[in-house]
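All remarks here apply to the structure that follows.
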Amino acid sequence: IIIGKEHISSLKGSIILAPTHRSRWDGLLLTLAFGRRETKKDCRFMVTNPEMAGLQGWFLKRLGCFSINQDSPSLSSLRYALNLIMNKKQLVIFPEGKINKFGKKLPLKQGLFRLAQIAKRKGTAVNIVPIGIAYDKVIPKFRGKVALCIEEPLKIDDFSKVSIDEFNNFLSERIKNAELKALNKVGRL
């Protein structure tokens, strides 16, 4: 079930998808919902270094993932992400920074806002799309129900006078709102 798809179909320019992260299936769902067939853009995912190891890493790389060290991001990873944004690609950043199966309130990471601000300073309009993902079970089962709720995109230009913490609090509320709507659709509310 996809709620609010109209919010993304009309977007022009760079897009950063900012979804909740509840399962390893999230990337596949986002690719199906917002990939090339739907938006004419591939999804490029920013994931943590440990996720890119072994067979899983091989598979993730083919899905369009690239790794980042959350504690000390390399210049090449940041440059790659910024180039995606500047070239009007579709970047997926899970702002919670890790899988959060039970939806506990986690502070959002700062990278999303920082990348969007740098792109804005370089003259690129950036749309940040809050997305809530919900499964009918905490641990998703094959053929289970899933819902994605897309909130109205945020334009980074509207946040030039706010701090990272203020922006992250605002984004967190929008993502939580979207997740509540998605949870309602799958019968978990």
Quick check on the hydrophobic clustering: are Val126 and Ile15 connected, directly or via other members, by side-chain heavy-atom contacts under 4.5 Å? no
Checking side-chain contact (heavy atoms from CB on, under 4.5 Å) against Ile8, which of Ile131, Leu17, Asn127 comes through? Leu17
Above 12 or not: heavy atoms from other molecules or residues under 6.0 Å from NZ of Lys155? no
Please list every donor-acceptor pair under 3.5 Å in which a side-chain atom of residues 78-94 meets a protein atom from a residue at least two apart or in another chain.
from: Asn83; atom 1: ND2; to: Arg79; atom 2: O; distance (Å): 3.4
from: Asn87; atom 1: ND2; to: Asn83; atom 2: O; distance (Å): 2.9
from: Gln90; atom 1: NE2; to: Phe34; atom 2: O; distance (Å): 2.6

For the hydrophobic clusters of this structure (ILVMFWY residues joined by side-chain heavy atoms under 4.5 Å, transitively), does one cluster hold both Leu28 and Phe66? no
Taking side-chain hydrogen bond (donor to acceptor under 3.5 Å, both in side chains) as the test, write out the residues that go with His7, two or more places apart. none
Can you tell me if Glu51 uses its side chain to pair, donor with acceptor, with the backbone of Thr48 under 3.5 Å? no
Would you call Arg174 and Glu152 a salt bridge, using N to O less than 4.0 angstrom? no
Determine whether a donor-acceptor pair (N or O, by modelled atom type, separation under 3.5 Å) exists between the side chain of Ser77 and the backbone of Ser67. yes
Quick one: closest heavy-atom pair of Pro95 and Pro19, and the distance? CD-O, 3.3 Å
CA sep, side-chain torsions, deciding dist, call: Glu179, Arg22, salt bridge (Lys or Arg N to Asp or Glu O under 4.0 Å): CA-CA 10 Å; Glu179 185 176 32; Arg22 301 296 173 252; 2.6 Å; yes
When rounded to the nearest 0.5 angstrom, what is the spacing between CD in Gln117 and CD in Gln110? 12.0 Å
Do the non-hydrogen side-chain atoms of Leu106 and Lys98 ever get within less than 4.5 Å of each other? yes
For the backbone of Asn184 and the side chain of Arg188, can you confirm whether one donor and one acceptor N or O come within less than 3.5 Å of each other? no
Hey, any chance Val129 and Leu108 share a hydrophobic cluster, counting ILVMFWY side chains that come within less than 4.5 Å of each other, even indirectly? no
If you look at every heavy atom in Thr31 and Cys43, which pair is closest and at what distance? CA-SG, 4.2 Å
Going from CZ on Arg114 to CD1 on Ile164, what distance comes out if it is rounded to the nearest 0.5 angstrom? 3.5 Å
Side-chain donor-acceptor pairs under 3.5 Å in residues 136-150, sequence neighbours left out?
from: Asp136; atom 1: OD1; to: Lys145; atom 2: N; distance (Å): 3.4
from: Asp136; atom 1: OD2; to: Lys145; atom 2: N; distance (Å): 3.1

Taking C-beta and beyond as the side chain, do Leu154 and Phe170 meet within less than 4.5 Å on heavy atoms? yes
Does the side chain of Leu183 reach to within under 4.5 Å of the side chain of Lys185, using non-hydrogen atoms? no
Main-chain N/O of Lys104 paired to Asn100 side chain as donor or acceptor, under 3.5 Å: yes
Ile175-Phe167 co-clustered via ILVMFWY side chain contacts under 4.5 Å: yes
First locate atom CD of Glu166, then atom CG of Leu171, and finally report the distance between them rounded to the nearest 0.5 Å. 13.5 Å
Considering only heavy atoms from C-beta outward, does the side chain of Ile16 approach that of Leu112 to under 4.5 Å? yes
Stepwise, does the side-chain hydrogen bond (donor to acceptor under 3.5 Å, both in side chains) test hold for His21 with Asp26? CA-CA 7 Å; His21 200 9; Asp26 295 347; 2.8 Å; yes
Treating Ile, Leu, Val, Met, Phe, Trp and Tyr as nodes and any side-chain heavy-atom pair under 4.5 angstrom as an edge, say whether Ile2 and Leu180 lie in one connected cluster. no
Closest heavy-atom pair and its distance - Lys109, Glu96: CE-O, 4.1 Å
All heavy atoms of Gly27 vs all of Phe45, minimum pair found to be O-CZ, 3.4 Å
